[in-house]
Amino acid sequence: MAVFMAAAVHATAYIHGEARRHLLRFWLFFIATALSMIAVVYSSGKLSFLLAWEAMGLSSAGLVAFESKEKSVKKATWIYLLACHAGACAFMLAGVLLSRPEAYFAAFACAFVASALKIGFPPFHSWLPEAHPASPAPASAIMSASMIPLGFLPLIKYFGSCGFSDIPFAPWLFLVFGAVGAVGGILFALPQANIKRLLAFSSVENMGVVAMGIGLSALFLNRKVGGEAHLLCFAAAMAHILNHAFLKGSLFLAAGSVLRQTGTLDQDRLGGLLRRMPFTGSIFAINAFALSGLPPFNAFIGELALYIGAFLAIKSGDSVLVAAGFLVALALSITGALAVPSYIKAIGSIFLGEPRSLSAQEAVETPKRMWLSMLFLTLLSIAMIPGSVIFIHSMTGGFATQILMTAAILGLVFVFISASLIFIRRFVCKRGASKPRMPVWDCGYDAPTPRMAYTATAFTQPLADFFIFYLKSRRHVMPFKLSPASPTDAAIAVETDDLALTALWRPLFTKIARLCQRAHLLQNGSLHLYILVGLVALILLLIFALVS
């Protein structure tokens with residue numbers, strides 16, 4: 001509810017100036033989305049859950065389609081609706097199969113696919129990087145912070161009794177899909193120039209971390225090893241959901257503030273906004289550092305608890321748990337290593353340096369209620385630093401609490417010492433004679449411009465090139481047309497598409513469309529052909545009935 005409240009306050013200024021009919025449509029779908037999410041959580045029966053789930057998808061699709069005049073928004077809405085209805089159909093089939101005990105595994109498989117479409121497990125995540133940039137920022141905030149984690153609810157509610165003991169392969173599904181999602185999500189976030197696409201892929205990464213916690217917890221419980229370690233892993237996953245909600249909600253609202261004030265989400269066209277939007281820039285930086293998993297912020301506490309669970313699995317000596325522990329520890333370390341440059345790129349290219357466009361140069365701070373809504377979520381995330389420790393302590397009965405408390409205190413001490421040194425240097429130390437200001441080295445160019453500074457694309461290009469075999473990035477070079485000494489007309493554009501969309505779903509749907517076109521040849525308007533097809537079908541059904 002905290003994210004809904006903050007998003008609602010932010011939306012009052014974000015959509016200010018829209019026509020009255022558009023405002024009514026936005027608030028209608030916004031409230032419907034909130035109510036349907038509450039219904040999903042509190043529904044008791046399978047039918048009521050399915051109805052609430054479908055209502056949640058339809059109402060949120062209305063938010064995605066808010067700016068429906070743009071072609072990209074129509075495409076994103078279509079992809080999102082396909083994902084929502086595919087998930088609903090899979091849940092319907094799972095509900096039918098649950099009534100047959102011999103089809104329990106098949107029911108779980110259908111439910112897992114339906115949940116994966118909502119959570120964003122690869123390769124079912126393709127709607128995320130399309131829907132988030134298209135939808136208004138308040139809608140993106142509630143979808144990422146509140147709606148995506150609800151995908152875990154039906155699996156835990158209907159199949160998760162005693163750690164998925166009835167489904168031995170279920171923990172490994174969570175572990176494998178979680179590891180692939182965590183590493184793949186942040187890897188594709190790395191080269192993104194669009195802020196909201198970066199945050200969308202980051203949501204895939206964070207849901208992967210949550211899935212690994214649930215999978216490792218179930219594996220501990222099934223193997224009956226590790227004592228309270230299964231509670232620690234599950235508590236780490238739940239704490240990460242809470243932390244992700246506050247952090248990602250604030251970051252999406254900040255991205256919306258940048259879009260409202262500059263008219264663009266392209267990081268390569270921004271820069272210098274911290275001086276022009278100090279509140280938004282500071283809040284974005286704090287939440288970005290926290291979501292990177294850096295100490296002493298709240299996301300670090302949840303991930304540290306999961307690290308402890310992974311090391312306990314390795315220490316257990318059980319071969320299955322050792323393999324799972326190594327997988328979780330390796331995926332977490334790679335994810336953390338790639339998350340830091342991804343968010344440093346976003347902070348530096350958007351808020352530091354000089355403006356790289358006129359819109360960035362003319363930007364001003366947002367209305368007070370916009371940055372106050374972000375500040376509200378930021379304060380909640382800061383409160384979750386001790387809150388995560390208390391939450392995990394209450395769920396585990398004190399298991400590993402001392403380690404988490406020590407890490408949180410040491411991190412806070414480090415931040416306090418750093419802040420004190422900055423304060424002393426800024427306000428206490430005497431300043432010497434002012435040093436003359438000299439122009440920086442201009443690389444031989446006679447007219448340096450802000451475009452010569454590192455852009456978001458350039459900052460992460462070395463890392464992106466290292467993973468080029470996986471990212472499949474395309475580079476477009478626009479060479480000099482005028483004098484090389486004034487390269488205002490030269491540029492390099494790098495595009496990194498979603499691999500699942502380009503390599504799996506688009507070719508698959510293209511082949512299905514071709515098959516449908518061939519079947520369409522039967523619909524030629526000839527009544528004789530229709531009668532013949534019906535007669536052949538009737539004969540085949542009679543033969544099948546006689547044989548069976």
Flag side-chain contact, heavy atom, 4.5 Å: [X] against [Y]:
{"X": "Leu332", "Y": "Val209", "answer": "yes"}
{"X": "Arg356", "Y": "Arg269", "answer": "no"}
{"X": "Asp266", "Y": "Leu270", "answer": "no"}
{"X": "Val204", "Y": "Leu128", "answer": "yes"}
{"X": "Phe4", "Y": "Ser146", "answer": "yes"}
{"X": "Ser373", "Y": "Leu253", "answer": "yes"}
{"X": "Gln361", "Y": "Arg276", "answer": "yes"}
{"X": "Leu338", "Y": "Phe467", "answer": "yes"}

Ignoring hydrogens and angles, tell me if any N or O in the side chain of [X] forms a donor-acceptor pair with the backbone of [Y] under 3.5 Å.
{"X": "Ser115", "Y": "Phe152", "result": "no"}
{"X": "Trp505", "Y": "Pro123", "result": "yes"}
{"X": "His240", "Y": "Gly302", "result": "no"}
{"X": "Gln267", "Y": "Ala456", "result": "no"}
{"X": "Asn298", "Y": "Ile382", "result": "no"}
{"X": "Lys196", "Y": "Ala131", "result": "no"}
{"X": "Lys345", "Y": "Gln192", "result": "yes"}
{"X": "Ser59", "Y": "Met56", "result": "yes"}

To the nearest 0.5 Å, how far apart are [atom1] in [X] and [atom2] in [Y]?
{"X": "Leu471", "Y": "Phe466", "atom1": "CG", "atom2": "CZ", "answer": "11.5 Å"}
{"X": "Met374", "Y": "Leu379", "atom1": "CE", "atom2": "CG", "answer": "12.0 Å"}
{"X": "Leu63", "Y": "Leu58", "atom1": "CG", "atom2": "CG", "answer": "11.5 Å"}
{"X": "Leu259", "Y": "Phe252", "atom1": "CG", "atom2": "CZ", "answer": "12.5 Å"}
{"X": "Leu352", "Y": "Ile347", "atom1": "CG", "atom2": "CD1", "answer": "8.0 Å"}
{"X": "Leu501", "Y": "Trp127", "atom1": "CG", "atom2": "CH2", "answer": "14.0 Å"}

What I want to check is whether the side chains of [X] and [Y] have a donor and an acceptor closer together than 3.5 Å.
{"X": "Tyr307", "Y": "Ser333", "value": "no"}
{"X": "Thr496", "Y": "Lys472", "value": "no"}
{"X": "His125", "Y": "Ser203", "value": "no"}
{"X": "Thr33", "Y": "Ser60", "value": "no"}
{"X": "Thr378", "Y": "Asn287", "value": "yes"}
{"X": "Asp498", "Y": "Thr502", "value": "no"}
{"X": "Thr264", "Y": "Thr262", "value": "no"}
{"X": "Thr366", "Y": "Arg260", "value": "no"}
{"X": "Ser257", "Y": "Thr280", "value": "no"}

Minimum-distance pair of heavy atoms, taken over all atoms of [X] and [Y]:
{"X": "Gly57", "Y": "Cys84", "answer": "CA-SG, 3.8 Å"}
{"X": "Ser250", "Y": "Leu377", "answer": "N-CD1, 3.6 Å"}
{"X": "Ala408", "Y": "Pro296", "answer": "O-CB, 4.1 Å"}
{"X": "Gly151", "Y": "Trp53", "answer": "CA-CH2, 3.9 Å"}
{"X": "Gly213", "Y": "Leu306", "answer": "CA-CD1, 3.6 Å"}
{"X": "Met207", "Y": "Phe121", "answer": "O-CE2, 4.2 Å"}

> Aromatic ring centroids of Phe297 and Phe289 under 6.0 Å?
Replying inline: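 Centroid distance Phe297-Phe289: not below 6.0 Å, so no.
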> Between Phe66 and Phe29, does the ring centroid distance fall short of 6.0 Å?
Replying inline: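 Between Phe29 and Phe66, which both carry aromatic rings, the centre distance is not below 6.0 Å.
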>> Is there a side-chain contact (heavy atoms from CB on, under 4.5 Å) between Leu199 and Ser144? Walk through the geometry before answering.
In response: CA-CA 9 Å; Leu199 295 176; Ser144 180; over 6 Å; no
> Should the pair Phe279 and Trp371 be assigned to parallel (<30°), tilted (30 to 60°) or perpendicular (>60°) ring geometry?
Replying inline: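 Aromatic pair Phe279/Trp371 classed parallel.
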>> In terms of relative ring orientation, are Trp27 and Phe30 parallel, tilted or perpendicular, with 30° and 60° separating the classes?
In response: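 Plane angle over 60°, so perpendicular.
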>> Assess the residue pair Leu23 and Ile15 against the criterion (side-chain contact (heavy atoms from CB on, under 4.5 Å)); give the C-alpha distance rounded to whole Å, side-chain angles, the decisive distance to 0.1 Å, and a yes or no.
In response: CA-CA 7 Å; Leu23 292 176; Ile15 61 174; 3.4 Å; yes
> Hey, is Glu130 close enough to Arg197 for a salt bridge, meaning N to O under 4.0 Å?
Replying inline: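 So Glu130 pairs with Arg197 through a salt bridge.
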> Around atom CZ of Phe469, are there more than 12 heavy atoms of other residues, nucleotides or ligands at under 6.0 Å?
Replying inline: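 Yes, enclosed.
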> For Phe300 and Ser388, what are the C-alpha separation, side-chain angles and deciding distance, and is it a side-chain contact (heavy atoms from CB on, under 4.5 Å)?
Replying inline: CA-CA 10 Å; Phe300 166 74; Ser388 296; over 6 Å; no
> How far apart are the C-alpha atoms of Met384 and Leu247, what are their side-chain angles, what is the distance that settles it, and do they pass the side-chain contact (heavy atoms from CB on, under 4.5 Å) test?
Replying inline: CA-CA 10 Å; Met384 280 299 294; Leu247 295 171; over 6 Å; no
